[in-house]
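Working notes for the structure below.
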Amino acid sequence: MDKEMIDQMVTKAHVAQKVFEALPDAVNLACLQAMAKCVFYGAERWARMAVDETGMGVYEHKVIKKQGKSRILWDSVRRAKAYGVLRRDEENGIIEIAKPSGVVCAVTPCTNPVVTPLCNAMFALKTRNAIIIAPHPRGKNCAGQLVHEWNKELAKLGAPENLIQVLAEPSTELGGYLMSRSDVVIATGGMGMVKAAYSSGKPSYGVGAGNVQCIVDRNIDLSIAVGKMIEGRIFDNGIICSGEQTVIAHEDDYAEVIMAMQKKGALYVDDPAVLQRLRSVLWDEKGVFSRYAVGQSVKKIGEMAGLSVKPEHVVIVAKAEGRGAEDLLCKEKMCPVMAAFSYKTFEEAVSIAQANLEMEGAGHSAAIHSFNDEHILYAGERLTVSRFLVNQVSSKMVGGSFHNGLAPTTTLGCGTWGNNSVSENVTFKHLMNITRVSYCLPDRVVPTDAELWGEFK
């Protein structure tokens with residue numbers, strides 16, 4: 001595959017988009033439902049393909065993710081308006097009309113080789129765009145088979161050819177060229193790829209690094225909080241960017257928290273020599289996380305670090321020896337490893353979390369287990385994150401849930417803190433243009449100069 005073939009794909013996509021745009025709403029919705037059903041009912045097969053091709057993650061967890069995400073994505077789009085007249089604002093004389101962006105380039109990661117293409121493709125078609133998926137090379141077979149099966153189903157429903165396409169042999173060079181030839185880019189993956197998207201010359205939605213800080217407040221059921229944090233940390237062997245990365249507990253509760261974690265399968269490490277071995281297998285000398293550790297089991301990580309991992313162990317909890325830049329353990333760990341901290345005051349807990357975010361993960365997400373509204377608001381006002389979850393499993397709920405109000409997605413904008421263009425969950429609304437028809441309002445009262453420039457009240 002070369003640049004000429006990319007040009008041909010983009011040309012075909014533009015033709016398909018124009019045809020698809022003119023089809024009835026019923027056809028649009030039928031296509032979206034068919035795509036979601038393909039993943040939902042084939043979840044076990046897709047999960048097996050993903051594990052086999054990428055060599056990372058947990059099969060059972062991937063089944064859960066594919067079933068859960070396909071359900072909530074379909075629910076989020078089936079009643080939403082994303083084309084034609086969106087809103088009539090009589091008071092301000094505005095009519096909003098949604099129109100497609102054109103051709104979407106979606107760069108997808110090997111850590112989520114099925115669900116991320118599903119999310120991006122559903123958002124693209126919901127807004128009547130065409131889409132070309134550029135998968136990670138370690139996820140190209142999953143993406144290729146997925147698009148093949150989608151296209152068979154969409155053809156039965158009357159959708160045009162080439163509405164959804166995929167790079168069969170993806171590469172950094174071809175992915176970059178595709179970005180420059182498309183109308184809008186969604187980039188989900190490593191920071192290098194996201195930077196390339198922002199440098200493509202086209203409007204782009206990317207994500208920043210994750211490093212979810214978890215604060216444990218006083219006067220709560222520690223066992224429940226610990227259970228949620230461990231559930232989130234071990235899900236899919238920790239490859240999800242929204243997975244819990246730390247436990248920050250009050251010094252008077254610290255021993256009880258660690259004990260509760262051990263009861264739920266944690267291997268606690270606080271010996272300096274062992275901690276250093278753990279760091280050496282998770283990061284190279286430049287502080288880059290090892291690709292050999294990404295998405296690997298706690299048993300594999302333990303073996304690499306020379307730890308005695310028992311069958312009942314599900315996560316490694318390492319006592320950090322500093323905050324932020326003082327310890328590599330404060331960074332994102334894409335495997336079942338958490339860092340542990342203790343604090344004296346709640347203000348210090350927030351300070352620890354913020355220092356770790358400034359080391360890595362600013363703009364992404366954080367979590368708290370608390371019923372103290374004052375503390376929740378204090379942390380929410382100070383932590384530089386786009387999402388702050390309260391008493392939830394972060395890895396499963398940051399990307400939207402039936403039990404919270406966050407928009408379902410696999411692309412988590414991190415705002416300017418994470419060098420991103422938006423600080424919210426990226427959805428179909430980011431893939432449409434809006435024309436605003438503006439009427440004159442001759443009877444609207446204009447404020448006087450005295451009212452404008454007078455003293456504030």
Side-chain angles (χ1 to χ4, degrees), residues 3 6-21 28 31-32 35 73 76-77 80-84 86 96-109 116-136 143 147 160 162-167 170 172 174-208 407-416 418-436:
K3 291 183 178 180
I6 297 290
D7 289 336
Q8 293 173 2
M9 292 176 72
V10 173
T11 298
K12 292 176 181 178
H14 276 295
V15 173
Q17 185 274 315
K18 289 299 182 183
V19 174
F20 189 65
E21 182 180 357
N28 184 285
C31 289
L32 294 172
M35 293 163 64
L73 285 171
S76 72
V77 301
K81 183 73 173 174
Y83 181 76
L86 293 181
E96 294 181 348
I97 305 173
K99 302 172 183 178
S101 294
V103 176
V104 178
C105 166
V107 185
T108 60
T116 298
L118 170 69
C119 180
N120 293 340
M122 288 186 70
F123 289 166
L125 267 61
K126 176 63 180 179
T127 44
R128 307 200 180 211
N129 297 295
I131 184 170
I132 303 175
I133 297 169
H136 188 283
V147 170
N162 304 308
L163 186 64
I164 306 176
Q165 299 178 75
V166 61
L167 296 189
T172 301
L174 290 179
Y177 185 69
L178 175 59
M179 292 180 198
S180 70
R181 293 284 285 112
S182 302
D183 295 303
V184 61
V185 179
I186 300 181
T188 312
M191 288 308 299
M193 181 271 296
V194 173
K195 289 179 181 178
Y198 284 129
S199 301
S200 67
K202 294 301 174 73
S204 301
Y205 298 102
V207 298
T409 192
T410 56
T411 305
L412 303 165
C414 299
T416 57
N419 294 316
N420 293 171
S421 53
V422 294
S423 57
E424 61 182 332
N425 289 7
V426 176
T427 70
F428 60 85
K429 74 176 185 179
H430 297 96
L431 298 181
M432 59 187 180
N433 292 311
I434 297 179
T435 296
R436 290 170 178 81

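For clarity, every value in this text was computed on a predicted model and none was experimentally measured. The figures that follow rest on heavy atoms only: side chains count, while hydrogens, waters and symmetry mates do not.
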(message) Applying side chain to side chain contact (heavy atoms under 4.5 Å, CB included) to V185 and L178, what does each step give before you reach the verdict?
(response) CA-CA 9 Å; V185 179; L178 175 59; over 6 Å; no
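- Two residues are said to be in side-chain contact when any heavy atoms from C-beta on lie closer than 4.5 Å; N28 and F20 meet this criterion.
- Residues L167 and P170 approach most closely at O-CD, 3.6 Å, considering heavy atoms.
- Within the 4.5 Å cutoff, the side chain of D7 has heavy atoms near those of the R181 side chain.
- Closest non-hydrogen pair, V207 versus C414, comes out as C-SG, 4.5 Å.
- A 4.5 Å side-chain heavy-atom check between C119 and T409 finds at least one atom pair inside the cut-off.
- A pairwise comparison of heavy atoms in L86 and M432 identifies CD1-CE, 3.9 Å as the closest pair.
- In this view, T188 and T411 satisfy the side-chain hydrogen bond (donor to acceptor under 3.5 Å, both in side chains) rule, not counting sequence neighbours.
- Residues V103 and S182 share a closest heavy-atom pair of O-CB, 3.6 Å.
- The two residues F428 and S76 have their closest heavy-atom pair at CE2-O, 4.0 Å.
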Per-pair distances, 0.1 Å, donor-acceptor, side chain in residues 124-135, under 3.5 Å, sequence neighbours excluded:
unit_1	atom_1	unit_2	atom_2	d
K126	NZ	V77	O	2.7
K126	NZ	A80	O	2.6
T127	OG1	F123	O	2.8
T127	OG1	A124	O	3.1
T127	OG1	N129	ND2	2.6
R128	NH1	E21	O	2.9
R128	NH1	L23	O	2.5
R128	NH2	D25	OD1	2.2
N129	OD1	S101	N	2.6
N129	OD1	G102	N	2.7
N129	ND2	L431	O	2.9

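- Residues meeting the side-chain hydrogen bond (donor to acceptor under 3.5 Å, both in side chains) test with K429, sequence neighbours left out: E424.
- Among residues two or more places apart in sequence or in another chain, the ring pair (Phe, Tyr, Trp, His ring centres under 6.0 Å) test is passed with Y205 by H430.
- The minimum heavy-atom distance between L32 and M122, with the atom names listed, is CD2-O, 3.3 Å.
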(request) Please test K99 against I434 for side chain to side chain contact (heavy atoms under 4.5 Å, CB included), starting from the C-alpha separation and ending with a verdict. (result) CA-CA 6 Å; K99 302 172 183 178; I434 297 179; over 6 Å; no
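- Between the side chain of N433 and the main chain of P100, a donor-acceptor pair closer than 3.5 Å is present.
- Scored by the side-chain hydrogen bond (donor to acceptor under 3.5 Å, both in side chains) test, T11 finds no partners at all (sequence neighbours excluded).
- By the salt bridge (Lys or Arg N to Asp or Glu O under 4.0 Å) test, K81 is found to be paired with no residue, residues two or more places apart in sequence or in another chain being considered.
- We find the CD-CD distance between Q8 and Q165 to be 10.5 Å, quoted to the nearest 0.5 Å.
- Between L412 and N425, the closest side-chain pair of non-hydrogen atoms falls below 4.5 Å.
- Using a 4.0 Å cut-off between charged side-chain N and carboxylate O, D183 and K202 make no salt bridge.
- Atom SG of residue C105 and atom CE of residue M9 lie 9.5 Å apart, to the nearest 0.5 angstrom.
- Annotation: the span from I186 atom CD1 to M179 atom CE amounts to 12.0 Å, rounded to 0.5 Å.
- Taking CD from Q17 and CG from L163, the interatomic distance works out to 8.5 Å, rounded to the nearest 0.5 Å.
- Considering OH of Y177 and OG of S200, their distance stands at 13.0 Å, rounded to 0.5 Å.
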(request) Apply the test side chain to side chain contact (heavy atoms under 4.5 Å, CB included) to residues L73 and L118: give CA-CA distance (whole Å), side-chain angles for both, the deciding distance (0.1 Å), then the verdict. (result) CA-CA 9 Å; L73 285 171; L118 170 69; 4.1 Å; yes
